[in-house]
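What follows is a set of notes on a single structure, which appears directly below.
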Amino acid sequence: EPTLQPAYLARLNDAQRRAVEHGDGQIAGPLLVIAGAGSGKTNTLAHRVAHLIVKGADPRRILLMTFSRRAASEMARRVERIAGEVLGRDAAVITDALTWAGTFHGIGARLLRDYALEIGLDPAFTIHDREDSADLMNLVRHELGFSKTEARFPTKGTCLAIYSRAVNAQAPLDEVLGSAFPWCAGWAEQLKQLFAGYVEAKQAQNVLDYDDLLLYWAQMAAEPEIAAHLGGRFDHVLVDEYQDTNRLQASILMALKPDGAGLTVVGDDAQSIYSFRAAEVRNILDFPKQFAQAADVVMLERNYRSTETILAAANAVIGEASERFTKNLWSERKSTDKPRLVSVRDEVEQANFVCDTILAEREAGTALKSQAVLFRASHHSGPLEIELTRRNIPFVKFGGLKFLDAAHVKDVLAVLRFAENPRDRVAGFRVLQLMPGIGPSAAAQIVETMTTALDEAMGLAGWRPPQRAADDWPGFVALYSGLRAGAKWPADLEQVRLWYEPHLERIHEDAITRRADLLQLEQIGSGYASRERFLTELTLDPPDATSDQAGPPHRDEDYLILSTIHSAKGQEWKNVFVLNTVDGCIPADLGVGTKEDIEEERRLLYVAMTRAKDNLNLVMPQRFFPHGQAARGDRHLYASRTRFIPASILAAFQQVSWPTAQAAQGRTPRPEVRVDIGARMRGMWK
Ligand code: ATP
Ligand code: MG
C-alpha cells in the first residue's frame, strides 16, 4: 500500500525527491546536487529546507547560504509557502526563526561579532567597502613612499585586487602575481611590505574589509574549540550556487562540518562565472570525495524553465566550450520560435528595440516584471535607461543603487560608521574634514586625542579646535556624543542629516537634489532593524536602484528588471533581452584575456541565455561604445556577432534585423528634399 506523501513531495521528480528526502529530516551524510541551469536545484533546496522543518528540525539551527541577500529572502519565502502546505499558518512563525539565511559575507559578519571576544576582535568593528579599502591601501602606499620612489608602482585598485586574490585563493603572492598580474611581478617585495602595512592599519583601526569576513571566519573555524562550538550550532548547512565559492569558503564549510554530516551543496559547473574573484570550480567537482564518507550525488537532467528551442541554443553555445560539462539537459516545453539574434544599428536603436518590444509584450499581457534586460557591465544599460525614463517605463536595476557612491551619501554613512567605531580612520578623516578649518593633520590629532582618552566622546570634547572650526565644533561634539551614547534607529539618520545639511549647502551647489538622496537614505534605513545591521548590510549588498525618485517600488507595482548577467544568477523571466551580444563586449577585453578568461565569458553568455523561459532576444548593435557613451571623445567600435555564436551553430537562432521592414513601414519616411530656408530669408532682402 503506497504511503500518502505530502503534495509538495509529489510535485517533484524522482531525483529531486531523492535530494529532498536524503536523511529523511535527520542529519545525514554529505549531499551534492550537481545539475544544469533551470533543472530545479534552488527549488529542490527550498523543498529540502521545508521538509527538514516539517520533519521537526529546528529552523534556528539551519544555516542557509545563497549568493545574494535577495536570493536568501526569496528562498525563505518559498520555504514558508511549502512548509505552510503542511503546517498551515504556523509555518510563518517557524520560518521567521530561519534567521541564519544570507550570504557568506553577511553570515560571516554576524558570526564574527558574536565570537569577537573569543578571537581578540573588538565587536564594534566596521566594514570597509571596496572603495574604502582602496583608500586605506592608498594611505599605506603613500606612507611607505612607494608611490613616490617607485615609478609606475601598481595603482591602489590593482594593489587591492592582488591582495584580494591572494587572500581568497589562499595562494602565495608570487603565484598570484605570476598567474594573474605578471606585469606586477617585479614589485613582489614592495607589495609584501605594503600588504603587511595594510593588515596592521586595519587592525589598529578595528576595520574589516570584505575579504576579512571570510578570512577571519576561516581562521576562527580552524580553532578546534571554536569550530566545535560553531559546528554544533547548526544541524544543517546548505549552500546554493556552490560552483562560485572560493577556497576560503570551502575551507569554512569543511571546518564547520568536517565529516560532511548535515552538509548539502548545490551548483552547476557550467555556470561558474566568478573565477575573477578566485572562485574555484574544483570545489564542486571535488566535493564527492572530500570526506571520509563519500557524498551522495544527485544529478538533475530535466529543465523545467526554458522552451526546447532556448535550451537547444544555450546547449549549442556551451557545447563549444573547451571543457566538457557532463550534463545532458532536456526540456518538454515546446515552442516553434527559436531565440532571436537581433541586429540593430547602434545602442540607441538597441534601446528602441527593447522598449518597443517590452511595451508590445505588455500590451499582449506580459507584465514588465516578467521581462528582464541583461548586460555584461553595469554601464552598458546607460542608453536604455535614458530611453526608459523618456518613455516613462518604470524599472529597477539590481544591485545598482548608484547614489550610495555619491559623496554626500558617503559623508552621512561615514558619520554613522565613525560613531560605531571611533578608530575607523577612513570614516573619521572624512567626517572631521567636512568642517572648515580641519585638515588632515588636525583630523589626525583629533583621532589621536580620542583614542587615547578613556571615553571617545569626552576626548573629543576636550580637544581645542582652531579658530575657524570654533563655530562648528560644539555642534559636532553634541551630535557625536549622542550617537556614541547608543544607537537610536532610524532617528540617528535624521540627526546626522540635520547636522550635515549646512555643510551640504556649503560644499555642493545642487544641495536640493542631494538632500533628496539623503531623505531616500532615511527611508531605506527605516527598513533595517538597527544601525549596525544597516551599515553592515548596506556595505555588503547594496539595495536595488529604481527609476522612481520616490524610493524603492512596492512589491506589487510593475517594473522592468535591469541587471548585470552576474547579478542575474539563479533567476528567471518569461522574456529576456541580452544587450551588446558582440565581440568586445561578450567576451569583453579582447586581446587582454587569457584562454580561461574567454571560457568564463562563454559561461557568462550561457548563464544569460538560460535565464529565459519563453522568449530570448540577443541584441547586436553594429557599433557600440565599449566604455559607455558618457566618455566623450570615445570612439565607437564596429562590432560583430559574438564569437560564442559561430556560423556552425547559427541554425539554433532566428536572425532578424531591426527595425524590420514592417516596423519601418509604421514610421513615416523622411522627405528627401534638402532646402536652405535661411539662405532664402536672407535673399528676400537682397
Ligand atoms: P539555476 O541553475 O539557473 O540556478 P536551478 O537549477 O536552480 O536553476 P530553479 O530555479 O530551482 O532551477 O528552477 C527552475 C524552474 O523550474 C523554476 O520555475 C521552478 O519552479 C521550476 N521547477 C523546478 N522543479 C520543478 C518540478 N519538479 N516541476 C515543475 N516545475 C519545476
Ligand atoms: Mg538556482
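Counting starts at 1 for both ligands and their atoms, following the listed order.
Ion pairing of Glu308 with Arg333 is absent here, as no side-chain N (NZ or NE/NH1/NH2) approaches a carboxylate O to less than 4.0 Å. A salt bridge links Arg376 with Glu601: the closest approach of a Lys/Arg side-chain nitrogen to an acidic carboxylate oxygen falls below 4.0 angstrom. A salt bridge links Arg603 with Glu600: at least one charged nitrogen is closer than 4.0 Å to a carboxylate oxygen. Between Arg17 and Glu21 no salt bridge is recorded (no basic side-chain N to carboxylate O distance below 4.0 Å). A salt bridge does not link Asp558 to Lys369: none of the charged nitrogens lies less than 4.0 Å from a carboxylate oxygen. Salt-bridge formation is not detected for the pair Lys41/Glu241: no Lys NZ or Arg NE/NH1/NH2 atom is positioned less than 4.0 Å from an Asp or Glu carboxylate oxygen.
Counting only heavy atoms of the protein, atom 4 (O) of ligand 1 lies nearest to Gly570 CA, 3.5 Å. Arg305 NH2, 3.0 Å is the protein heavy atom nearest to atom 10 (O) of ligand 1. If you check which protein heavy atom lies closest to atom 8 (O) of ligand 1, you get Gly38 N, 2.9 Å. Closest to atom 22 (N) of ligand 1, if we only count protein heavy atoms, is Tyr304 CB, 3.6 Å. Protein heavy atom at the shortest distance from atom 15 (C) of ligand 1 is Glu572 OE1, 3.3 Å.
Residue Arg611 places a heavy atom less than 4.0 Å from ligand 1. Residue Ala35 places no heavy atom under 4.0 Å from ligand 1. Using a 4.0 angstrom heavy-atom cutoff, Ala46 does not count as in contact with ligand 1.
Note: no N/O pair closer than 3.5 Å links Leu12 and ligand 1 by distance alone. On a distance-only criterion, Gly40 and ligand 1 share at least one N/O pair closer than 3.5 Å. Residue Asp268 places no N or O, backbone or side chain, under 3.5 Å from any N or O of ligand 1. In terms of polar-atom proximity, Arg78 is not counted as a contact of ligand 1, lacking any N or O under 3.5 Å from an N or O of the ligand. Not one N or O of Gln571 is nearer than 3.5 Å to an N or O of ligand 1, by distance alone.
Side-chain polar atoms of Asn168 and Asp211 form a donor-acceptor pair below 3.5 angstrom.
Those atoms of ligand 1 with a heavy atom of Gln16 less than 4.0 angstrom away are 23 (C), 24 (N), 25 (C), 26 (C), 27 (N). Distances below 4.0 Å separate heavy atoms of Gly36 from the following atoms of ligand 1: 6 (O). Atoms of ligand 1 lying under 4.0 Å from at least one heavy atom of Arg11, given by number and element, are 26 (C), 27 (N), 28 (N).
Using bins of under 30°, 30° to 60° and over 60° for the plane-to-plane angle, the ring pair Trp658/Phe353 lands in the perpendicular bin. Using the six-membered ring where Trp is involved, His47 and Tyr8 have ring planes that are tilted, between 30° and 60° apart.
Atom CZ of Arg11 is surrounded by more than 12 heavy atoms from other residues, nucleotides or ligands within 6.0 Å. Within a 6.0 Å sphere centred on CD of Glu323, heavy atoms belonging to other residues, nucleotides or ligands number more than 12.
Looking at Lys569, Lys41, Arg17 and measuring to atom 1 (P) of ligand 1, the nearest heavy atom belongs to Lys41. Looking at Thr42, Asn303, Val607, Asn13 and measuring to atom 7 (O) of ligand 1, the nearest heavy atom belongs to Thr42. Among Val266, Thr44, Asn43, the residue whose heavy atom sits closest to atom 19 (C) of ligand 1 is Asn43.
Considering only heavy atoms from C-beta on, Phe104 stays 4.5 Å or farther from Leu248 through its side chain.
The Mg ion (ligand 2) has no N, O or S atom of Asn43 under 2.8 Å away, backbone or side chain.
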